[in-house]
Amino acid sequence: MSYIDIQNVSRTYQKKKQAFRALDQVNLKIDRGEFICLLGPSGCGKSTLLNILAGFDKVSEGSITIGGTPVTKPSVKHVTIFQNYGLLPWRTVEKNVELGLESLSVPAAKRQEIAQKYLELVGLKEFSQSHPAELSGGMQQRVAIARALAVDPEIIFMDEPFAALDALTRMKLQDEISAINRSQHKTIIFVTHDIDEAVVLADRIVIMTPNPGRIKTIIPVDLHGQRDRTSPDFLRIRDHVFAEFSLKPEDRTEYYI
Ligand SMILES: Nc1ncnc2c1ncn2[C@@H]1O[C@H](COP(=O)(O)OP(=O)(O)OP(=O)(O)O)[C@@H](O)[C@H]1O
C-alpha cells in the first residue's frame, strides 16, 4: 500500500447557487519521502487538493488515507507552509521556530536547542533574536521552514511558498528546500504555478487542469538530484511540461502558467 493514497476524490462547492466541481475523480499514490509538485493554471484545484490532504477541507466523494489512516482532520505529524510565512510579529525568530514545539509540550531548554539546530540549517542562526519585520521575505520564509522542520513532521505541505519572493531569492530557496528534502527525507507536497520550480523540485510533477479540476498527467523527473537549470536533461523535462500545456518555451520569457 502507498503511504498517501488518494482514491476517486471529488470536491464539489456551491458557486453562485450551482454545484461546482473543484476536483473530479482524482487518483494519486504517493510514496514516503517523495517530493510531489502540483502544477496547473489558476482554479485547477491545487490548493483544494492540498487542503483536503492537510485535513483543512473534506472530500465530497472518494477517500484519502495517509499511512493507512483516513484523513479527517489536521494532524500534528503534518505541517503546512503558506505564501505569507505566518510568523508572529511580536515573537523573536527563535520563539517563532519554537511555536510548534510549545504545543507539543517540549521543555524550554530542548525547544531552544531544536530551534537553534534548524535556524542553523536554514542559515539564520545569527538572526535568532531578531523580529520578523527586521528580515527580508526570503529570510522570513526560511524561518517558516525552520519552524516546520522543528516539529519533525512526516509530511510538509507547501502552498506556493515562494510566490511572493523575487526570482533570485526564489531560486536560492528552491535549492535549499530541495537539499533539505534529500537530507531530512521528508514527504513534501508543493503547489506551484511555476514550471521551472516544479522541475527543480519534484520527483514527480502532477499536472492538473481546471473545469473540473483533474489530473491531466504525471511527469517523473528523473534528474536524480542533479538540478542544474541549464543542463540538457533539465531542459528536456521542462520542454515536456511546456508541451503538456501546449506552450512553446522559446516563445516565453516568463515561465508561469
Ligand atoms: N470554499 C470554496 N467555495 C467555493 N468555491 C471554491 C472554494 N474553494 C475553492 N473554490 C473554487 O474551486 C476552484 C479551485 O480552487 P483552488 O483554489 O483549489 O485552485 P488553485 O488551482 O489552487 O488556484 P490558484 O492557483 O489560483 O490558487 C476554483 O474555481 C475556486 O473558485
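Each ligand, and each atom within it, is numbered from 1 in the order the structure gives. Not measured: the values here are computed from a predicted model.
- Looking at S60, its side chain does come within 3.5 Å of a backbone N or O of T12 through a donor-acceptor pair.
- Aromatic ring centroids of F56 and F157 lie 6.0 Å or more apart.
- The shortest N/O to N/O separation between A22 and ligand 1 does not fall below 3.5 Å.
- Of the N and O atoms on the side chains of T169 and D166, at least one donor lies less than 3.5 Å from an acceptor on the other residue.
- Residues Y3 and E34 have side chains that never bring a donor and an acceptor to within less than 3.5 angstrom of each other.
- Remark: minimum distance from atom 31 (O) of ligand 1 to any protein heavy atom is reached at K15 NZ, 3.0 Å.
- With a 4.0 Å heavy-atom cut-off, ligand 1 is reached by the side chain of E160 but not by its N, CA, C or O.
- Inspection of the R229 and Q174 side chains reveals an N or O donor paired with an N or O acceptor under 3.5 Å.
- Considering only non-hydrogen protein atoms, atom 17 (O) of ligand 1 sits nearest to S47 CB, 3.7 Å.
- Nearest protein neighbour of atom 26 (O) of ligand 1, counting heavy atoms only, is S42 OG, 2.4 Å.
- Residues T65 and D5 bring no donor and acceptor atom of their side chains to less than 3.5 Å of each other.
- For atom 19 (O) of ligand 1, the closest non-hydrogen atom on the protein side is G45 N, 3.3 Å.
- The residue among Q83, R11, K46 with a heavy atom at the shortest distance from atom 21 (O) of ligand 1 is K46.
- Defined by atom type and a distance below 3.5 Å, a donor-acceptor pair is present between the side-chain atoms of T192 and E197.
- The single protein non-hydrogen atom nearest to atom 14 (C) of ligand 1 is G43 O, 3.5 Å, given as residue, atom name and distance.
- Any N or O atom pair closer than 3.5 Å counts here, and F20 shares no such pair with ligand 1.
- At least one N or O atom of T48, backbone or side chain, sits closer than 3.5 Å to an N or O atom of ligand 1.
- The nearest heavy-atom contact from the protein to atom 9 (C) of ligand 1 is Y13 CE1, 3.4 Å.
- A heavy-atom separation below 4.0 Å is not found between G213 and ligand 1.
- No single ILVMFWY cluster, assembled from side-chain heavy atoms under 4.5 Å apart, contains both I215 and V221.
- Within the 4.0 Å heavy-atom cutoff, C44 counts among the residues contacting ligand 1.
- Residue P41 touches ligand 1 through its backbone alone, judged by heavy-atom distances below 4.0 Å.
- No hydrogens or angles considered: nothing links the side chains of E98 and Q112 as a donor-acceptor pair under 3.5 Å.
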